[in-house]
Amino acid sequence: MDLRQFLLCLSLCTAFALSKPTEKKDRVHHEPQLSDKVHDDTESFDYDHDAFLGAEEAKSFDQLTPEESKERLGKIVSKIDDDKDGFVTVDELKDWIKFAQKRWIYEDVERQWKGHDLNEDGLVSWEEYKNATYGYVLDDPDSDDGFNYKQMMVRDERRFKMADKDGDLIATKEEFTAFLHPEEYDYMKDIVVQETMEDIDKNGDGFIDLEEYIGDMYSHDGKADEPEWVKTEREQFVEFRDKNRDGKMDKEETKDWILPSDYDHAEAEARHLVYESDQNKDGKLTKEEIVDKYDLFVGSQATDFGEALVRHDEF
């Protein structure tokens, strides 16, 4: 699918979405739940397995023997120990859990990397990205398919420059990840706010007023009565979004709305895993301590037969 086909498809999807006036658009970036399982270790360790490995990877461990699970877990522990001091801290475990939960992001980056690192030098320059993404526009600048390609390209260039920390217009894989998924990086959050405000701020005054806020998530479509959730959003705007009560949201208020400070589930789970596995109570884990409690971290064929809880009590 070339750029023109993709954007046409995107426009049709947008039109379809707008044809559902009662469907709410959500611009808030929440940290995802670590698992859809109930976190109750007296029943099972399924939540911990999903949190530690990611749901899909956790399933693969359920097919292994306990010995195979321990072996693979040991290799993972070596990756978690970032400073290679022989211990896994709460912070290292938290970072690993966040990585495991967002594995799809890195897989997405890998897929896109192959299509944009045109000279295969292990870097992606702005020129490479621009040519790979907007080559059609550059070859035929006078074409008009109903999309403002140039505006999109300017916006992408601005984001690329923000992601490119050293300013050489050449992105490492980490910088390219920040470009594609800016909401995942603290130093990119201002660009997320800016782009959101530009999308919603229809009158171009640099703020989001109540009608722009509602108009972004709900289309009246000729109907006089609003759904209850729209009325609730109006109240939310007045009571909570517009903190200084001036009738509009500025950048800081918009940031508080779309990038809330959520409860850190990954840190809570990391502390839980350390507490349950730390045999000598020094606040950090050795590989041996983790592998000894392997059934807390990963599954195996034994888990399916309820044997994990027995072994856990024995420890």
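Quick note: numbers below take in every heavy atom, side chains included, and nothing from hydrogens, waters or symmetry partners. Predicted model, so just to flag it, every value in this text is computed and none were measured. For reference, positions follow the sequence shown, starting with 1.
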**OP:** Kindly indicate, with the supporting measurements, whether the criterion side chain to side chain contact (heavy atoms under 4.5 Å, CB included) is fulfilled by S277 and L296.
**Re:** CA-CA 8 Å; S277 309; L296 176 65; 3.5 Å; yes
**OP:** Take Y129 and F179 through the ring pair (Phe, Tyr, Trp, His ring centres under 6.0 Å) test and state the conclusion after the steps.
**Re:** CA-CA 11 Å; Y129 180 82; F179 167 68; 4.9 Å; yes
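- Here the straight-line distance linking atom CE of M197 with atom CG of D250 works out to 7.0 Å at 0.5 Å rounding.
- Classification of K161 and D168 as a salt-bridged pair fails, no side-chain N sitting under 4.0 Å from a carboxylate O.
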**OP:** Give the C-alpha distance, both sets of side-chain angles, the deciding distance and a yes or no for side chain to side chain contact (heavy atoms under 4.5 Å, CB included) between K189 and E183.
**Re:** CA-CA 6 Å; K189 288 184 176 179; E183 69 283 353; over 6 Å; no
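- Panel note: side chain E253, backbone N244; a donor-acceptor pair is recorded below 3.5 Å.
- E269 is not listed as a side-chain neighbour of K94, based on a closest heavy-atom distance of 4.5 Å or more.
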Original post:
Between L93 and F52, is a side chain to side chain contact (heavy atoms under 4.5 Å, CB included) present by the stated rule, with each step listed?
Top reply: CA-CA 9 Å; L93 197 50; F52 181 70; 3.8 Å; yes
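- Using the six-membered ring where Trp is involved, Y213 and F237 have ring planes that are tilted, between 30° and 60° apart.
- Counting only heavy atoms from C-beta outward, the side chains of R72 and S60 approach each other to under 4.5 Å.
- Closest of all the heavy-atom pairs between W229 and M217 is CH2-O, 3.4 Å.
- Taking both residues in full, the closest heavy atoms of A51 and A100 are given as O-CB, 4.4 Å, listed atom of the first, atom of the second, then distance.
- A salt bridge does not link K248 to D209: none of the charged side-chain nitrogens sits closer than 4.0 Å to a carboxylate oxygen.
- Ion pair E43/K37 not flagged as a salt bridge, since none of the NZ, NE, NH1 or NH2 atoms sits closer than 4.0 Å to an Asp/Glu carboxylate oxygen.
- Salt bridge annotation for K281-D278: absent, with no cationic side-chain nitrogen under 4.0 angstrom from a carboxylate oxygen.
- A salt bridge links K102 with E184: the closest approach of a Lys/Arg side-chain nitrogen to an acidic carboxylate oxygen falls below 4.0 angstrom.
- When side chains are defined from C-beta on, T177 counts as touching Y185, because their heavy atoms get closer than 4.5 Å.
- A donor-acceptor pair shorter than 3.5 Å cannot be found between the side chains of E67 and Y294.
- The structure places CD of E226 at 10.5 Å from OG1 of T232, a figure rounded to the nearest 0.5 Å.
- Using a 4.5 Å cut-off on side-chain heavy atoms (C-beta onward), K287 and S78 make contact.
- Nearest approach of I76 to L53, heavy atoms of both residues: CD1-CD2, 3.7 Å.
- In plain terms, the two heavy atoms of F160 and A171 that are nearest each other are CZ-CB, 3.7 Å.
- R27 and D199 are joined by a salt bridge, as a carboxylate oxygen and a charged side-chain nitrogen come within less than 4.0 angstrom of each other.
- Using a 3.5 Å distance cut-off with no hydrogens or angles, the side chains of D156 and Y134 do pair a donor with an acceptor.
- Side-chain contact check for D46 and H39: no donor-acceptor pair (N or O, by modelled atom type) lies under 3.5 Å.
- The shortest side-chain heavy-atom distance between L73 and I290 falls under the 4.5 Å cut-off.
- Under the 4.5 Å side-chain contact rule for hydrophobic residues, V28 and M188 share a cluster.
- A 4.5 Å side-chain heavy-atom check between D166 and E175 finds at least one atom pair inside the cut-off.
- At a threshold of 4.5 Å between side-chain heavy atoms, the hydrophobic network of Ile, Leu, Val, Met, Phe, Trp and Tyr places V109 and L123 in two separate groups.
- In summary, D256 and K243 engage in a salt bridge, as defined by a charged side-chain N under 4.0 Å from a carboxylate O.
- Contact detail for S69 and L64: the closest heavy-atom pair is OG-CB, 3.6 Å.
- The closest side-chain heavy-atom distance from E68 to Q63 is not below 4.5 Å.
- For the atom pair F45 CZ and E276 CD, the distance stands at 8.0 Å (nearest 0.5 Å).
- Taking the six-membered ring for Trp and thresholds of 30 and 60 degrees, W96 and F99 have ring planes inclined between 30 and 60 degrees apart.
- Going from atom CH2 of W104 over to atom CD of E107 covers 10.5 Å, rounded to the nearest 0.5 Å.
- D81 contributes a side-chain N or O that, together with a main-chain N or O of G86, makes up a donor-acceptor pair within less than 3.5 Å.
- Salt-bridge formation is detected for the pair D264/K98: a Lys NZ or Arg NE/NH1/NH2 atom is positioned less than 4.0 Å from an Asp or Glu carboxylate oxygen.
- Follow the hydrophobic side-chain contacts under 4.5 Å out from L180 and you reach M153 in the same cluster.
- For the 3.5 Å distance criterion, the side chains of D41 and H272 qualify, holding a donor opposite an acceptor.
- One finds no salt bridge joining K284 and E92 here, because no Lys/Arg side-chain nitrogen approaches an Asp/Glu carboxylate oxygen to under 4.0 Å.
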**OP:** Quick one: do D190 and K251 satisfy salt bridge (charged side-chain N to carboxylate O under 4.0 Å, His left out)? Show the steps, please.
**Re:** CA-CA 9 Å; D190 283 345; K251 289 182 179 179; over 6 Å; no
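- Remark: E252 does not engage K255 in a salt bridge, criterion side-chain N to carboxylate O under 4.0 Å.
- With 3.5 Å as the limit, one finds no donor-acceptor pair spanning the side chains of T89 and D91.
- No chain of hydrophobic side-chain contacts below 4.5 Å, direct or via other Ile, Leu, Val, Met, Phe, Trp or Tyr residues, connects F207 to M249.
- The distance from the CD atom of Q236 to the CG atom of L210 is 12.0 Å, given to the nearest 0.5 Å.
- Salt-bridge formation is not detected for the pair K130/E157: no Lys NZ or Arg NE/NH1/NH2 atom is positioned less than 4.0 Å from an Asp or Glu carboxylate oxygen.
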Original post:
Going through the distances and angles, do H49 and D62 end up as a side chain to side chain donor-acceptor pair (under 3.5 Å)?
Top reply: CA-CA 10 Å; H49 299 168; D62 292 339; 4.9 Å; no
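- A salt bridge links E267 with R271: the closest approach of a Lys/Arg side-chain nitrogen to an acidic carboxylate oxygen falls below 4.0 angstrom.
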**OP:** Evaluate the criterion side chain to side chain contact (heavy atoms under 4.5 Å, CB included) for residue pair H265 and Q101; output intermediate values, then yes/no.
**Re:** CA-CA 11 Å; H265 295 280; Q101 292 296 316; over 6 Å; no
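- Nearest approach of V38 to Y47, heavy atoms of both residues: O-CB, 3.8 Å.
- Y187 and V192 fall within a single hydrophobic cluster, where Ile, Leu, Val, Met, Phe, Trp and Tyr side chains are chained together by heavy-atom contacts under 4.5 Å.
- T133 and H116 are linked by a side-chain donor-acceptor pair at a separation below 3.5 angstrom, with hydrogens and angles left out of the test.
- Salt bridge E235/R241: absent, no basic N to carboxylate O contact under 4.0 Å.
- Using a 4.0 Å cut-off between charged side-chain N and carboxylate O, K202 and E211 make no salt bridge.
- Within a 6.0 Å sphere centred on NZ of K84, heavy atoms belonging to other residues, nucleotides or ligands number more than 12.
- Atoms CD1 and CG, from I208 and D216 in turn, are 7.5 Å apart once rounded to the nearest 0.5 Å.
- In this structure, T286 and Q279 have side chains that are not in contact, with every pair of non-hydrogen atoms separated by 4.5 Å or more.
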